[in-house]
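Chain A is the first sequence line, chain B the second, and so forth, proteins listed ahead of strands; every chain is numbered from 1.
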Amino acid sequence: MARNIASREKDYSQWYLDVIKAAELADYAPVRGCMIIRPDGYALWESIQKHFDEAFKDTGHVNAYFPLLIPISFLEKEAEHVEGFAPECAVVTHAGGEELEEPLVIRPTSETVIGHMYSKWVQSWRDLPILINQWCNVMRWEKRSRLFLRTSEFLWQEGHTAHATREEAVEETLKMLDIYRDIMENILALPVLAGEKSEGERFPGADNTYACETMMSDRKALQAGTSHFLGQNFAKAFDISFQNRDGELEHAWTTSWGVSTRLIGAIVMTHSDDDGLVIPPRVAPVKVVVLPISPDRDLVDSKLMPKSSEIAETLNAILGKRSVKVDTRFHMRPGDRFFANIQKGIPLRLELGEKEYQREVFQAVRRDNGERFDIPWDQAAVKVPEILEDIQHNLYNRALEFRKQNTFKAGNFEEFKDIFAGKGGFVEAFFAGGKEEEKLIKEETGATVRCFPLEREETGTCFFTGKPGAKLAVFAKSY
RNA sequence: CGGGACGUAGCGCAGCCUGGUUAGCGCACUUGACUGGGGGUCAAGGGGUCGGAGGUUCAAAUCCUCUCGUCCCGACCA
């Protein structure tokens, strides 16, 4: 049991912050609401980035960079967009020692500048589609911030595409949602509920918003990624138009989609335990730590270290460069070294002491379940990758099982209220209400519509309004 | 932005109510010894503008005002 981490059961919020602190993922910045992403946190972000970036490029997207500062007038061109984002924008009013003629907004998202540029780049149907992504920081002045989940500045990727037809743009929106789901499930081991957002939760300026919703270990929902079908709203506001095959002028159809450093928060809150961080192997920057351990320095230098380096080299060749680390902190006591590696969330530990050396094995310890067992040296190259895969699947299955255990059905508002008066969780219910009904439900229970899951076509009687033909919604309290 | 809690060494805290020696404790850190397979033992050390600014007072960590920040609960959001 870690002594520097609050119990998850007793104080979930404190536990979350303690895990991040113990794993040295992030720290507070001197500016309110901002955070420092420390090297181990950033390495995790880079690993996440790598998987998404590959998938974007595999589907024909290219990276570019648009500027941090946006003329305030751009934001004002799309009515809903400005209404949604204006309250949380940081604005630059002075530069070069003078007041600016037109204030500049620090981007809260880049639909507007990108729309402005697309209007210049698009003239013909042959110019479409445009499939651009950018990795950058954005700023949204948050009233209440939490490390990784909600900070005033955060890192993300924003994809922005423009298409000749509505069908193609809708297809893109759903394709990216599915890529998100795939990586979250298969790499980050986060079971995802992919679906359509309700009217009240839609992106400002979008016709339709889709999201990947995941359940954290306190049964609250976290929106882990979003994909928006923007219709022709931004195309009209920024005049992204083109001549079609028949020579007629048409507005393009656009999409945007993003995932952020919030995913790190999702990993923390899905997999970690009272001992600290747990990182799924496929996304872990360090997948294996080798721990030579003995009070006898001669033995360490002559036998344990060479063997440790050898296995690290062998495994690095299989698992990828730098994915195996040898812990050489001999000034620390064994217990300290164990705990330090546990709290970092490294999936697998290989201990090598005198006993193991004589028997030509490593003592392996899994981070996900604490199991320990011997791996003979000559089997390590085969066994270790297998075990890492097993850990990966175990983490996913465990999270999925947890979600299933905490997903309930409600046929009427009484049942619904009872669930949220208790432990809460995900509640499936047919819902035909609008913004007003959602608001009432939130006021009374704290829960909101997380999404209308795709792949759940069934309809029924609305649990709240009693209307027939309602779609299936999933409700939860959320971050 | 509303309600609550808090800010004293790197971290966690005591001291404040009732102002008065040189501001203390635990952990961490440094050095040494004994140690060493799940957060050791002993000894000797280093480290503080008591979040900041004003004020009251002979005297402020302590009382008053303002301010900045953090955490929790709400409203708003990736």
Side-chain angles (χ1 to χ4, degrees), chain A residues 1-6 11-18 21-22 24 27-35 83-89 107-109 136-158 180 197 200-204 206 209-214 221-228 256-266 275-276 291-297 299-300 304 330-343 349-357 362-363 365 370 372 439 442-443 446 448 477-479:
Chain A
M1 174 70 76
R3 60 188 183 198
N4 55 344
I5 297 178
D11 190 345
Y12 196 86
S13 300
Q14 192 59 48
W15 167 81
Y16 173 74
L17 295 169
D18 289 347
K21 195 199 264 184
E24 298 178 310
D27 212 336
Y28 291 100
V31 175
R32 173 200 189 90
C34 294
M35 68 173 165
E83 196 186 325
F85 281 109
E88 43 186 316
C89 280
R107 65 178 161 221
T109 178
C136 64
N137 59 341
V138 287
M139 177 158 275
R140 298 177 186 178
W141 213 253
E142 295 293 345
K143 311 270 182 183
R144 189 179 166 202
S145 59
R146 300 191 75 193
L147 294 178
F148 291 117
L149 300 177
R150 189 175 300 102
T151 47
S152 289
E153 181 189 8
F154 59 90
L155 305 184
W156 77 346
Q157 82 26 241
E158 46 179 327
Y180 284 168
K197 292 305 256 185
E201 301 264 329
R202 204 171 283 158
F203 177 78
T209 288
Y210 297 87
C212 290
E213 295 285 334
T214 57
L222 184 77
Q223 180 172 304
T226 48
S227 186
H228 314 293
S256 68
W257 25 274
V259 296
S260 70
T261 35
R262 176 179 264 192
L263 285 171
I264 295 175
D275 286 333
L291 208 77
I293 183 166
S294 168
D296 180 350
R297 276 314 297 250
L299 180 73
V300 167
L304 304 187
F330 295 105
H331 63 280
M332 285 166 71
R333 300 177 50 73
D336 293 329
R337 295 169 75 201
F338 296 146
F339 275 98
N341 287 301
I342 288 170
Q343 301 199 330
R349 196 165 75 237
L350 297 179
E351 298 174 15
L352 180 65
E354 191 172 1
K355 283 177 280 181
E356 286 80 12
Y357 194 88
F362 298 105
Q363 181 166 173
V365 187
R372 54 175 67 231
K439 210 176 152 197
K442 181 168 187 187
E443 272 166 19
T448 51
K477 293 186 184 175
S478 75
Y479 278 98

Need one value for [X]: base, sugar-phosphate or nothing, where a base atom within 4.0 Å counts as base even if backbone is also close, heavy atoms only.
X: Phe330(A); result: base
X: Glu158(A); result: nothing
X: Gly353(A); result: base

Atom pair distance, as rounded to whole Å: [atom1] in [X] and [atom2] in [N]:
X: His331(A); N: rG40(B); atom1: NE2; atom2: P; value: 14 Å
X: Leu291(A); N: rG36(B); atom1: CG; atom2: P; value: 17 Å
X: Phe339(A); N: rG39(B); atom1: CZ; atom2: C1'; value: 6 Å
X: Gln343(A); N: rA28(B); atom1: CD; atom2: C1'; value: 14 Å
X: Arg349(A); N: rG39(B); atom1: CZ; atom2: P; value: 12 Å
X: Asn4(A); N: rG10(B); atom1: CG; atom2: P; value: 18 Å
X: Met332(A); N: rG40(B); atom1: CE; atom2: P; value: 11 Å

Does any nucleotide pair with [N] by Watson-Crick or G-U wobble geometry, both distances under 3.5 Å, and what is it?
N: rG19(B); value: none
N: rG24(B); value: rC13(B)
N: rU62(B); value: none
N: rC50(B); value: none
N: rC76(B); value: none
N: rG45(B); value: rC29(B)
N: rG38(B); value: none
N: rA5(B); value: rU70(B)

Report yes if some heavy atom in the side chain of [X] is under 4.5 Å from a heavy atom in the side chain of [Y]; otherwise report no.
X: Glu356(A); Y: Leu304(A); answer: no
X: Arg372(A); Y: Arg349(A); answer: yes
X: Glu213(A); Y: Lys197(A); answer: yes
X: Arg262(A); Y: Gln223(A); answer: yes
X: Phe154(A); Y: Arg140(A); answer: yes
X: Arg297(A); Y: Phe330(A); answer: yes
X: Glu354(A); Y: Asp296(A); answer: no
X: Gln343(A); Y: Asn4(A); answer: yes

Taking [M] as the reference, what is the distance to [N] when you measure between their [atom1] atoms (whole Å, please)?
N: rG69(B); M: rC29(B); atom1: P; value: 33 Å
N: rA23(B); M: rG51(B); atom1: P; value: 15 Å
N: rC50(B); M: rA9(B); atom1: C1'; value: 10 Å
N: rA5(B); M: rG54(B); atom1: C1'; value: 25 Å
N: rG10(B); M: rG48(B); atom1: C1'; value: 12 Å
N: rC68(B); M: rG47(B); atom1: P; value: 34 Å
N: rU62(B); M: rG20(B); atom1: C1'; value: 11 Å
N: rC27(B); M: rU41(B); atom1: C1'; value: 16 Å

Inset, instruction - Please list, chain by chain and in numerical order, all residues satisfying side-chain contact (heavy atoms from CB on, under 4.5 Å) with Leu155(A), sequence neighbours excluded. - result: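 Result, side-chain contact (heavy atoms from CB on, under 4.5 Å) vs Leu155(A): Ile37(A), Tyr42(A), Trp45(A), Asn137(A), Thr261(A).
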Legend entry - Protein-to-nucleotide contact annotation, 5' to 3' order, nucleotides 66-78 of chain B [B base; S sugar-phosphate only; - none; under 4.0 Å, heavy atom]: ---SSSSBBBSBB
Inset, instruction - Produce a footprint string for nucleotides 30-35 of chain B: one letter per nucleotide, 5' end first; B if the base is under 4.0 Å from any protein heavy atom, S if only the sugar-phosphate is, - if neither. - result: -----B
Inset, instruction - Check Gly225(A) against Val259(A) and note the closest heavy-atom contact, atom names and distance. - result: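 Looking at all heavy atoms of both residues, the shortest contact is CA-CG1, 4.0 Å.
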Legend entry - rG37(B) base / Glu354(A) side chain donor-acceptor hit below 3.5 Å: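 Flag unset: no donor-acceptor pair detected.
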Inset, instruction - Mind telling me whether Phe203(A) and His228(A) have parallel, tilted or perpendicular rings, with 30° and 60° as the class edges? - result: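 Rings of His228(A) and Phe203(A): parallel, under 30°.
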